[in-house]
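The structure presented is a predicted model; accordingly, all values stated were derived computationally and were not measured.
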Amino acid sequence: MKFPKRIYTAEDVEKAGELVKKGYKHRLEVKGSPNFKQKVKQALNLIKTAGYYNFLRTYIRSIVEIDGLTQLREADAAIWANKYAVENPVDAASLFIQKANHMKEYLEGKLYYGGAAETRSVQKRIEFLKLLKKKSRKREVKDECERLLKSWSESVFL
């Protein structure tokens, strides 16, 4: 069975969900300017450090540079991100994990948007930051994780 080109209909969602349950992983594609690709690569390396790369590849097919607002495009299993969203690699990595969690809930048929869903995705982002802080050997990464965790602890989402 082949992963649907677009995940739009209930049938597409069901098919994609079945493949994910069987262990399907996307070959992650990054599209954009050389600077954007380089920033995303830094974020992906942090995701690998934290041990979340397979989670990301399970739910996200591509990360695409756009001029507009950063968002998950569920029908494409894609994250559309602007250059500002990837400027800070630690924050970008945690954002990608948050969006992957949204996509996971979409494929599971859960309500993947709104208050409770947003809280769950932010919690996934925080879980990622805590693990990255623990696993990284780089002081600047640990410090940035700590700064972001402090910021999220003051958030209305928790």
(request) Find out if a path of hydrophobic residues (ILVMFWY) with successive side-chain heavy-atom gaps under 4.5 Å connects Ile66 to Met103. (result)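 They do not share one cluster, since no chain of ILVMFWY contacts under 4.5 Å joins Ile66 to Met103.
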Salt bridge [X]-[Y], side-chain N to carboxylate O under 4.0 Å:
{"X": "Lys150", "Y": "Glu146", "result": "no"}
{"X": "Glu140", "Y": "Lys138", "result": "no"}
{"X": "Asp12", "Y": "Arg6", "result": "no"}
{"X": "Arg147", "Y": "Asp91", "result": "no"}
{"X": "Glu29", "Y": "Arg61", "result": "no"}
{"X": "Lys39", "Y": "Glu87", "result": "yes"}

(request) Check step by step if side-chain contact (heavy atoms from CB on, under 4.5 Å) holds for Glu74 and Ile7. (result) CA-CA 7 Å; Glu74 296 89 355; Ile7 310 156; over 6 Å; no
(request) Step by step, work out the side-chain contact (heavy atoms from CB on, under 4.5 Å) result for Trp80 and Ile63. (result) CA-CA 6 Å; Trp80 286 4; Ile63 301 171; over 6 Å; no
(request) Say whether Gln98 and Glu118, considering side chains only, have a donor N or O and an acceptor N or O under 3.5 Å apart. (result)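 There is such a pair between these side chains.
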Determine whether [X] and [Y] make a side-chain contact, defined as any pair of heavy atoms from C-beta on separated by less than 4.5 Å.
{"X": "Gln71", "Y": "Arg73", "answer": "yes"}
{"X": "Arg125", "Y": "Leu95", "answer": "yes"}
{"X": "Phe36", "Y": "Val30", "answer": "yes"}
{"X": "Leu129", "Y": "Val90", "answer": "yes"}
{"X": "Ile79", "Y": "Val64", "answer": "no"}
{"X": "Phe55", "Y": "Ile97", "answer": "yes"}
{"X": "Ile60", "Y": "His26", "answer": "no"}
{"X": "Lys48", "Y": "Asn45", "answer": "yes"}

Testing the basics here: between [X] and [Y], what is the closest heavy-atom pair and its distance to 0.1 Å?
{"X": "Ala43", "Y": "Ala93", "result": "O-CB, 3.6 Å"}
{"X": "Ala92", "Y": "Val86", "result": "CB-CA, 3.8 Å"}
{"X": "Asn82", "Y": "Gly68", "result": "ND2-O, 3.1 Å"}
{"X": "Ala50", "Y": "Lys135", "result": "O-NZ, 3.7 Å"}
{"X": "Ser121", "Y": "Asn101", "result": "OG-ND2, 3.3 Å"}
{"X": "Gly32", "Y": "Lys37", "result": "O-CE, 3.3 Å"}

Calculate, to the nearest 0.5 Å, the distance between atoms [atom1] and [atom2] belonging to [X] and [Y] respectively.
{"X": "Leu148", "Y": "Lys133", "atom1": "CG", "atom2": "NZ", "value": "11.0 Å"}
{"X": "Lys21", "Y": "Leu107", "atom1": "NZ", "atom2": "CG", "value": "10.0 Å"}
{"X": "Ser94", "Y": "Glu144", "atom1": "OG", "atom2": "CD", "value": "9.0 Å"}
{"X": "Asp76", "Y": "Lys5", "atom1": "CG", "atom2": "NZ", "value": "8.5 Å"}
{"X": "Leu46", "Y": "Tyr53", "atom1": "CG", "atom2": "OH", "value": "13.0 Å"}
{"X": "Tyr84", "Y": "Leu69", "atom1": "OH", "atom2": "CG", "value": "12.0 Å"}

(request) Using the ring of Tyr59 (Phe, Tyr or Trp, six-membered ring only), decide whether Lys25 places NZ or CZ under 6.0 Å from its centre and within 45 degrees of its axis. (result)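 Here Lys25 fails the 6.0 Å and 45° test against Tyr59.
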(request) Could you label the plane-to-plane angle of the Phe128 and Tyr52 rings as parallel, tilted or perpendicular, counting under 30° as parallel and over 60° as perpendicular? (result)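 Answer is perpendicular, since the angle exceeds 60°.
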(request) Verify, without hydrogens or angle tests, whether Thr58 (side chain) and Asn54 (backbone) share a donor-acceptor contact under 3.5 angstrom. (result)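 Such a contact is found between Thr58 side chain and Asn54 backbone.
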Quick check on [X]: does its [atom1] atom have over 12 non-hydrogen neighbours (other residues, nucleotides or ligands) under 6.0 Å away?
{"X": "Lys83", "atom1": "NZ", "value": "no"}
{"X": "Glu18", "atom1": "CD", "value": "yes"}
{"X": "Glu11", "atom1": "CD", "value": "no"}

(request) Could you give me the CA-CA distance, side-chain angles and deciding distance for Glu105 and Arg120, then say whether salt bridge (Lys or Arg N to Asp or Glu O under 4.0 Å) is met? (result) CA-CA 10 Å; Glu105 293 193 355; Arg120 288 190 305 272; 2.8 Å; yes
(message) Apply side-chain contact (heavy atoms from CB on, under 4.5 Å) to residues Val40 and Leu44 and explain how you reach the verdict.
(response) CA-CA 6 Å; Val40 170; Leu44 293 177; 3.9 Å; yes
(request) Walk me through it: do Cys145 and Lys130 pass the test side-chain contact (heavy atoms from CB on, under 4.5 Å)? (result) CA-CA 7 Å; Cys145 286; Lys130 286 178 179 177; over 6 Å; no
